[in-house]
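The next block holds one structure in the form of structure tokens; read it before the comments.
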2 protein chains.
Amino acid sequence: MPKGIEATLLSAVVEGRIKPGHRLSENQLAEAFGVSRTLVREALTRLEARNIVMVKPRKGWFVVEPSAEEAAEVYATRRILEYGFLINSAPFTAAQIADLQAHIDEERKAVDASDKTRLTYLMGDFHVRIVKQSGNATLVETMRTLAARTNLISLRYQSEHNALASHKDHVEIFEAIARGDMKTAARLSFEHLEDVEAGIMIDTSPDAIELLKNTLRLDEAPNGRG
Amino acid sequence: MPKGIEATLLSAVVEGRIKPGHRLSENQLAEAFGVSRTLVREALTRLEARNIVMVKPRKGWFVVEPSAEEAAEVYATRRILEYGFLINSAPFTAAQIADLQAHIDEERKAVDASDKTRLTYLMGDFHVRIVKQSGNATLVETMRTLAARTNLISLRYQSEHNALASHKDHVEIFEAIARGDMKTAARLSFEHLEDVEAGIMIDTSPDAIELLKNTLRLDEAPNGRG
DNA sequence: CATGTCAATCTTGTATGCAAGAGAGATGGC
DNA sequence: GCCATCTCTCTTGCATACAAGATTGACATG
């Protein structure tokens, strides 16, 4: 199974089992998967192409820690994509609405259980699920990659409060879709992602030092001294 | 320069020097670039992640020949992305408009020179250039990949007539942007891509046998006999 | 002449070996 | 005690060797 490694790593990232900044050792992964470094590197290369991991030369592979700027870019792209999709989409069928309803129920359960990790995953999957109704694999894949990156952003910056607010937004978006009001759904989706993005900028960081290092572009800058 | 190979191959594809279905030999590329197969495979893997090339196991790497279904997906995604961007974009600045004007002029030159290959490239680059004004690297990269795939589609299906019609559409879109009417620009862009997609379905194929094979999913289907 | 078979060759798939940069810790000088 | 330096180890970077499927052509056989 050639793509097993990539899929496994992606799942771990999306489900929050591997966090932003985590180092991924080629040797360890090779041993864990029972293959040589070659296949591990292939999988990591693919994930790098999707901006999920990055390599620091001779230092190691790391799950990306999106900067505030990158975060803004990803959210802006998602806004554009989701708005463009919903505003031009025909009203959903009953089956499609039921699918989204099931998702909302799961989100609710995760909220009640205060399962933050699962909630973070579900937050992104909601939008993937919306787009999935189009049957457009290209669109879904694009959204899935953006959602994965958003997850990394959320895990790094987002507070529980925002996660809860996001869930409420999702409910509203769902309700608009359910009553066939795609225009409102598109607007709500756009505003929702704007809110989330704005929330990121003012949130306190879980690790001030790490955030500072990233903000100052330490670690990666080759111009160590002027 | 680790990414030189990928960029070089992508350029060749985007500029139409390598056509859909073309086989890319690891050995030949390795010799051409003066490196080992390892780096070539890395570049091809990245391009595969972007749906620009594909590998048939033990047979070789090939520039993708998008099926009609894939073509529809790519165009639909571009429609969504471009509409969503333009409709939510502030009016462009004079400098931004000038940048697009320069592009339109180049398109015009290619039309006059009947330079179909260059025109195909410029057709995609127009939309990349629009999105570039956002300064959003994520958005630009997404659009660039979609544009590259669209180029492959155009090279395979699109007639000169459609290329010319597309240029006229671009002029109209540009004029709407230039006068700050983003709503009209968004609508025109959406309709334009709908027209192009519709055109693909009725166009005659440049190679009926190849098209048939693709339609019937030969070559790639593992279920050779039932 | 038609056809099935076998071998040579070409392709990618994967593992492995070696080079070289980066970092940590010991060690020596002060 | 403090600091520089050196070495040892760990990391990825890249090339290469070998495995194994796919194809093509020769060639024998009917």
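Predicted model only: the values in this text are computed from it and were never measured. So you know, we letter chains A, B, ... as the sequences are listed, proteins then strands, and number each from 1.
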*Between C/dT11 atom P and B/L29 atom CG, what is the distance in whole Å?*
11 Å

*May I have the distance from B/R58 (atom CZ) to D/dT24 (atom P), rounded to whole angstrom?*
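After rounding, the reported distance stands at 17 Å.
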
*Ignoring backbone atoms, establish whether A/K59 has a side-chain N or O less than 4.0 Å from OP1 or OP2 of C/dG23.*
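So the side-chain polar atoms of A/K59 do come within 4.0 Å of the phosphate oxygens OP1 or OP2 of C/dG23, strictly under.
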
_Nearest-nucleotide 5' precedence on DNA chain C, B/Q28 against A/P57_ =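 It is B/Q28, whose closest nucleotide lies nearer the 5' terminus.
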
For [X], which residues count as a salt bridge (Lys or Arg N to Asp or Glu O under 4.0 Å) partner, sequence neighbours excluded?
| X | answer |
| --- | --- |
| B/D115 | none |
| B/R50 | B/E6, B/E141 |
| B/E15 | B/R17 |
| B/E73 | none |

*Would you find more than 12 non-hydrogen atoms of other residues, nucleotides or ligands less than 6.0 Å from A/E31 atom CD?*
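Result for CD/A/E31: open.
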
_Stretch residues 17-24 of chain B: residues that reach within less than 4.0 Å of DNA chain C through a heavy atom_ = B/R23, B/L24

Can you check nucleotides 15-17 of chain C for protein contacts, nitrogen or oxygen pairs under 3.5 Å, and list what you find?
residue : atom : partner : partner atom : Å
C/dA15  : OP2  : A/S36   : N            : 3.0
C/dA15  : OP2  : A/S36   : OG           : 2.6
C/dA15  : O5'  : A/S36   : OG           : 3.4
C/dA15  : N7   : A/T38   : OG1          : 2.6
C/dT16  : O4   : A/T38   : OG1          : 3.4

*Which pairs count as ring pair (Phe, Tyr, Trp, His ring centres under 6.0 Å) when at least one residue sits in residues 9-43 of chain B, sequence neighbours excluded?*
none

_If the condition is side chain to side chain contact (heavy atoms under 4.5 Å, CB included), which residues does A/R58 pass it with, not counting sequence neighbours?_
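Applying side chain to side chain contact (heavy atoms under 4.5 Å, CB included) to A/R58 gives none.
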
Which pairs of donor and acceptor atoms, one on a side chain in residues 118-126 of chain A, lie under 3.5 Å apart (sequence neighbours left out)?
residue : atom : partner : partner atom : Å
A/R118  : NH2  : A/E106  : OE1          : 2.5
A/T120  : OG1  : A/K116  : O            : 2.9

